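Below: one structure, written as structure tokens.
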Amino acid sequence: MTKSRIIGGLFAALLVGGAGVIFALTWRPPMAAIDPPSARTFDADLVRRGRELAAVGNCSDCHTTRRGPNFAGGLPVPTPFGTIFSSNITPDPETGIGRWSEEAFRRAMRSGVDRGGRHLYPTFPYDHFTHVSDEDDRALYAYLMTREPVQAPLRDNRLSFPYNQRILIAGWKLLFLRRDAYQPDPGKSAEWNRGAYLVEGLAHCGACHTPRNGLGAERATATFAGGDVDNWQAYALNAQSPSPVPWNEDALYAYLCGGWHPDHGTARGPMAEVVSNLSSIPAGDVRAIATYMAGVFGAPTPDRQRQGEAVLAQAKSESTVASEPVSEGAAIYAAACATCHESGRAPPYGGINLAFSTAISAPDPRNLANIVLSGVRPVEGERSPIMPGFAASMDDGQIASLLKYLRSHVSKQPAWSGVSEIVEEARRTQTAFLQTAAGPRNAPADPSQRDQP
Amino acid sequence: MNAPVILDRRQMLAGSGALIVSFSLRGAFAEEQGAPAAAAPSPPGSLKTSPYLDAWLRIDADGAITVFTGKAELGQGFKTAFQQIAAEELDVPFASLKVVTADTRLTANEGYTAGSHSMQDSGTAIQHAAAQARALLVAEAAKRLELPAENLRTENGAVIAQDGRRLAYADLVAADMLHVQAQPTSKLKDPATFKVMGQPVPRVDIPAKVTGGVAYVQDMRLPDMVHARLVRPPSYGAELTDCNSSAVEKMPGVVKVVRDGNFLAVLARKEFQAVKAMRALAAAAKWKESARLPKQDDLLALLTTQLKSQDMTILERGNPSAAGRRTIEATYTRPYQSHGSIGPSCAVAQFVDGTVTVWTHTQGVYPDRQAIAEMLRMPPANVRCIHTEGSGCYGHNGADDAAGDAALLAKAMPGVPVKVQWMREQEHGWEPFGPAMATKLKASLDSEGRIADWNFEVWSNTHSMRPGSAGSLLAAQQMAEPFPVPAPKPLPLPEGGGDRNAIPIYTFPNAHVVHHFIPEMPLRISAMRSLGAYHNVFSIESFMDELADLAKADPVEFRLKHLDDPRGREVIEKAAQAFGWHKGQQASQDRGYGFAFARYKNLAAYCAIASEIEVNRETGRPRLVRAVAAVDSGQVVNPDGLTNQIEGAIIQSMSWTLYESVSFDEVRITSIDWQTYPILRFDAVPDTIEVHIINRPGKPFLGSGETGQGPAAASIANAIANATGKRLRNLPLTRKRIKDAIDA
Amino acid sequence: MMTLRVNGYEYEVDAEPDTPLLYVLRDDLKLNAAKYGCGLGQCGACTVMVDGKAVLSCVTPLVLLEGKRVTTLEGLGTVSEPAPIQRAFMEEQAAQCGYCIAGMMMRAQALLQRNPKASDDDIRAELAPHLCRCGTHMRILRAVHRAARLMDTAELSPSDQRGAQ
């Protein structure tokens with residue numbers, strides 16, 4: 001998860017006090033190595049449950065590289081302090097977790113410490129995983145221990161001093177790691193509580209969607225107010241959501257299972273893999289997540305509700321294409337975008353009506369720039385939306401004109417600033433993202449049709 | 001019906017200064033009617049139906065030699081192979097020949113270019129016609145030189161005497177020398193002396209294709225040509241209730257809007273003007289649609305219980321109710337699948353003085369002419385169809401329909417050449433699909449692990465709704481006075497349609513095979529590469545592995561144990577050996593090996609394929625790592641061309657097998673582009689494909705264009721079963737189905 | 001009227017600014033290589049180069065091309081003087097029907113100009129937007145590798161001389 005999330009809080013540790021004190025407070029003993037248990041010793045139902053939980057946790061996203069073996073790690077996670085590589089969580093005895101006991105595994109999930117007692121960087125989101133129940137940890141352990149072992153040594157992180165001092169992590173934990181088990185809210189439904197448990201714990205949604213403080217920890221006072229990941233904006237999922245049409249539980253459910261919703265569009269960027277994983281878990285769990293998240297969004301204010309309805313009504317009635325394109329951006333939209341986005345074909349295979357586009361209403365144009373540059377790539381051999389990228393055919397100036405036009409013409413929000421700089425930056429970073437990210441490995445889009453003969 | 005054609009050809013030839021003054025074509029559709037029952041032995045290949053040598057060869061006074069074939073080049077490369085054959089048997093340099101392909105005014109009627117028949121029919125005819133022409137030239141030279149023919153030899157386009165005297169073919173050919181009927185037998189060259197045949201001669205069409213030359217009907221530009229775009233109905237049977245086209249008619253460049261019943265099109269001067277006008281016209285058109293499609297998610301019930309079938313026992317051997325000691329049963333299904341040509345169908349037509357000329361990438365110029373003539377209510381003689389290459393079609397795609405569209409529009413615009421280009425969603429939505437199929441198998445093993453009895457049932461539509469009559473063309477179905485869709489017929493054995501390759505090639509003492517022919521066609525269907533053989537071979541060869549597993553036998557050994565055909569055995573052994581197959585082998589982690597074999601139609605080329613598959617256990621994603629094929633297609637004319645065909649068959653069949661199915665709701669076809677009908681992309685291309693050819697010098701050509709489809713599918717399915725321990729029986733073998741099987 | 005630079009020549013094109021480059025090339029300039037396959041940017045058959053980068057001409061309107069240099073397969077070489085990529089495809093016999101090939105060749109050309117040492121993985125990843133239905137993929141890959149070797153030893157290709165980058 002949180003691939004490029006800032007591990008800023010390392011500095012904080014320096015402030016906490018002398019190294020000796022920290023050592024006393026934070027030292028963790030190694031745990032005994034076990035003989036790798038045979039896969040047959042694990043209960044099949046437990047393993048199956050673990051598979052679903054691993055999908056909820058989106059584990060494969062960080063622990064598998066493009067074309068690399070499953071869960072063998074090695075994915076470079078760039079941070080401002082350097083690059084951290086994900087670890088091998090296959091049961092290989094030498095390079096993976098084959099010699100980890102369940103207790104050691106649970107300790108890692110709870111407190112971010114590996115079997116040998118080393119503190120793990122919080123790119124591994126144990127600030128969320130700490131809330132996972134013993135039972136679910138057991139299932140996850142059973143699942144991972146029955147995967148194919150892959151010999152893949154841990155790659156050395158590329159961090160400069162002092163960030164390469166793991167002792168600093170202990171300080172970060174003292175400040176930010178809250179190790180409480182999830183406490184159900186008796187005033188809420190079982191479904192809501194289930195959703196809360198998943199969202200705040202294993203699904204670690206806030207890791208991307210909550211902004212971080214200067215020390216790299218999620219800001220407790222701004223949960224789900226929007227964050228950054230892999231040079232994409234993870235939108236605010238609370239009352240500040242920039243979505244033109246307010247989200248509700250049904251829309252969230254459909255989007256998370258199917259990867260798209262007619263009023264909101266298609267999941268892409270890092271969210272594509274998330275919905276791809278969620279499409280394989282029990283519908284009840286997705287429904288629970290949707291229920292809880294609908295509460296996080298909150299009921300829209302009457303004002304916002306009205307605006308949403310106006311957008312829906314307007315989208316049904318009028319074309320965005322001006323009869324005489326008056327600006328470069330308008331001309332580009334009419335010529336390059338409208339053919340698909342105003343084809344009348346229903347999403348996800350027809351381009352979404354851009355009046356519904358969250359990217360165009362978002363606080364900055366990064367996601368819109370990313371999507372115009374890279375498009376949406378097809379998923380191998382599966383029905384999935386395709387949008388051609390325009391990186392090669394539009395220069396930065398043309399993309400900036402297009403973005404400004406869309407913002408002014410489609411969205412009610414004020415003009416963006418710094419569009420040109422963000423487009424340049426997006427061109428640089430998208431290239432890197434597309435080269436390293438595994439990308440969705442199956443297509444969540446339109447599950448009603450996906451597997452039919 | 002061909003009389004006027006003879007006249008046309010006479011005129012044409014007279015004008016070009018050729019020495020041939022007469023020409024004969026017989027009008028039978030060879031494929032439909034089969035060989036006429038002749039008392040005397042008939043000459044081989046298509047010489048049976050077009051026996052005059054000058055239907056195949058022409059030698060001009062200037063020495064130019066033209067070969068005529070009634071078959072169409074579809075990217076298989078046989079234009080080059082035919083040229084090799086003629087050069088070899090005539091003893092002329094390869095480059096001195098020209099090949100003219102299917103044209104109703106110039107070439108013999110060879111029916112459709114289909115069923116892997118081109119080499120057998122046309123290649124054989126050309127070979128014998130060339131050999132007999134050479135014999136006639138030698139005889140003429142013998143007369144002039146007053147020498148016995150045995151003392152003469154031919155080389156480089158001339159007959160040469162032992163004393164060095166030399167007579168060029170151009171000087172020898174007399175007015176009507178080649179206007180003679182072919183003899184039943186020819187003196188063919190000894191394969192040991194071949195210079196051109198058997199060589200990997202580079203394809204003649206590739207240079208233009210890789211340099212932007214004119215290569216396809218899509219590239220045709222006639223003077224003052226207009227561009228047409230169609231607005232097809234949104235679904236089968238939809239009726240156009242209203243269409244106010246006045247605004248469209250005023251759009252820039254628009255020449256005309258044509259409406260004839262439910263047939264709607266717009267013509268414009270420039271191509272993109274036509275596209276924009278089409279969009280506007282589509283927005284203006286109002287349709288009444290109806291729910292007439294079946295449920296997509298239960299094809300098995302649809303085929304085996306809901307639709308009525310005519311049941312035919314096509315094999316009854318021994319005692320079908322015999323039973324061995326251990327019996328297993330299995331059911332396999334195949335969905336509707338698309339030809340998926342990369343270039344949507346296209347045609348150009350021009351109507352001049354009561355005659356329409358159509359440039360089309362049809363597979364059968366004569367049947368297409370027949371259908372177009374009927375639709376336009378014109379004598380066939382007034383319709384000329386000229387085959388012009390299109391994108392690869394792999395069977396009956398939209399080509400004929402586009403030709404019909406162009407002809408209808410050309411009639412509405414007399415004198416003006418009209419080019420019709422289908423859009424992507426029209427090709428995907430309206431092409432006739434490869435039909436869905438179901439098979440049920442049951443067999444038992446005796447105490448020695450041999451198959452004691454074999455029961456096979458197949459349910460399917462016909463596999464050919466090709467033209468011949470107007471009602472097979474979309475335009476004719478949609479016009480105001482429509483032509484009815486012709487009644488479907490099962491294609492006769494031994495080639496068969498839905499039952500193609502349903503009869504096993506293996507030696508089972510007791511066997512029973514039933515073909516359940518389903519006349520009703522809820523989706524528009526027709527011929528797709530290998531017809532029913534794809535699914536029947538997939539079923540038989542998957543089931544052979546299931547039985548081998550039951551017998552605890554090696555799959556290759558198990559097949560050999562049930563196969564007498566020596567050429568078949570050799571192909572199997574060759575593929576196994578080249579792959580490194582051995583009994584008791586164990587693939588590495590997450591990998592599996594698979595094997596399959598068939599002789600296409602039980603009478604064309606033999607093909608065995610071994611494959612190695614990798615399956616990602618977490619995602620279910622399969623990947624063909626490598627495939628090794630062995631093929632015996634008789635005498636090989638162009639080994640590289642044959643290799644190219646087999647490589648292509650394996651890759652295309654892999655895409656069908658792993659990914660492809662047409663999707664639809666109750667009203668519309670919903671797989672209408674590459675988002676909704678995904679096919680193989682480069683990220684899934686195997687590491688290697690090897691093709692080993694077993695050449696059979698002097699033996700008849702065996703068609704090979706379709707022989708790989710079935711074996712590739714079963715080989716992949718067997719490798720997936722080997723890798724995962726799970727048997728998948730419903731095509732396509734998607735990632736999701738594999739994952740579900742692993743997780744189950 | 002707009003000036004369009006194609007294969008080193010300047011053309012005055014009389015087409016609406018929203019006209020996709022594909023139609024301008026095929027209809028106005030009578031060039032054959034770029035093919036209509038889907039018009040949606042899903043298959044790659046229409047690929048040409050713009051300022052040295054592979055571009056899907058069916059979704060690239062004229063309005064984006066002011067001042068840019070377009071190169072099509074015709075601009076690389078001819079049957080008698082083929083460019084390395086063309087020679088390679090002929091030598092490998094890398095076509096069946098050939099309809100997709102021109103687009104494949106243009107993207108491969110752009111890749112090799114950018115990265116003459118492209119690995120097999122690079123080539124496969126780069127060609128991902130392209131569909132081939134005949135199953136000629138193995139030959140296409142071989143041809144691109146061969147083209148890389150030919151370019152390595154070749155004189156300036158015609159495209160260099162014409163400033164196609």
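The basis for the numbers below is simple: all heavy atoms, side chains too, and nothing from hydrogens, waters or symmetry mates. Chain A is the first sequence line, chain B the second, and so forth, proteins listed ahead of strands; every chain is numbered from 1. For clarity, every value in this text was computed on a predicted model and none was experimentally measured.
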Item to check | Short N-O contact, A/Glu342 and B/Arg279, less than 4.0 angstrom | outcome: no
Next on the checklist: One pair to check against salt bridge (Lys or Arg N to Asp or Glu O under 4.0 Å): B/Glu618 and A/Arg147. What are the steps and the verdict?
Outcome noted: CA-CA 9 Å; B/Glu618 299 311 320; A/Arg147 297 309 90 198; 2.7 Å; yes
Next on the checklist: For B/Thr676 versus A/Tyr349, what's the shortest heavy-atom pair and its separation?
Outcome noted: CG2-CD1, 3.4 Å
Checklist entry - chain A heavy atoms under 4.5 Å from B/Asn730: which part of the residue, side chain, backbone, both or neither? => result neither
Checklist entry - Going by an N to O cut-off under 4.0 Å, is there a salt bridge joining B/Asp743 and A/Arg48? => result no
Item to check | Evaluation steps, side-chain contact (heavy atoms from CB on, under 4.5 Å), between B/Gln675 and A/Ser384 | outcome: CA-CA 5 Å; B/Gln675 301 180 98; A/Ser384 62; over 6 Å; no
Checklist outcome for this item: When every non-hydrogen atom of A/Pro149 is compared with those of B/Gln589, the smallest separation belongs to O-OE1, 4.1 Å
Item to check | Separation between CG of A/Asn70 and CZ of B/Arg621, rounded to the nearest 0.5 Å | outcome: 11.5 Å
Checklist entry - Ion pair present between B/Arg681 and A/Glu380, side-chain N to carboxylate O less than 4.0 angstrom? => result no
Checklist outcome for this item: Here the pair of heavy atoms bringing B/Asp673 nearest to A/Arg345 is OD2-NH1, 2.7 Å
Item to check | Check: A/Arg383/B/Thr670 side-chain N/O donor and acceptor closer than 3.5 Å | outcome: no
Checklist outcome for this item: For A/Glu382 and B/Pro678, the nearest pair of non-hydrogen atoms, with its separation, is C-CG, 3.4 Å
Checklist entry - For A/Ser343, is it the side chain, the backbone, both, or neither that has a heavy atom closer than 4.5 Å to a heavy atom of chain B? => result neither
Next on the checklist: Under 4.5 Å from any heavy atom of chain A, what part of B/Pro234 do you find: side chain, backbone, both or neither?
Outcome noted: neither
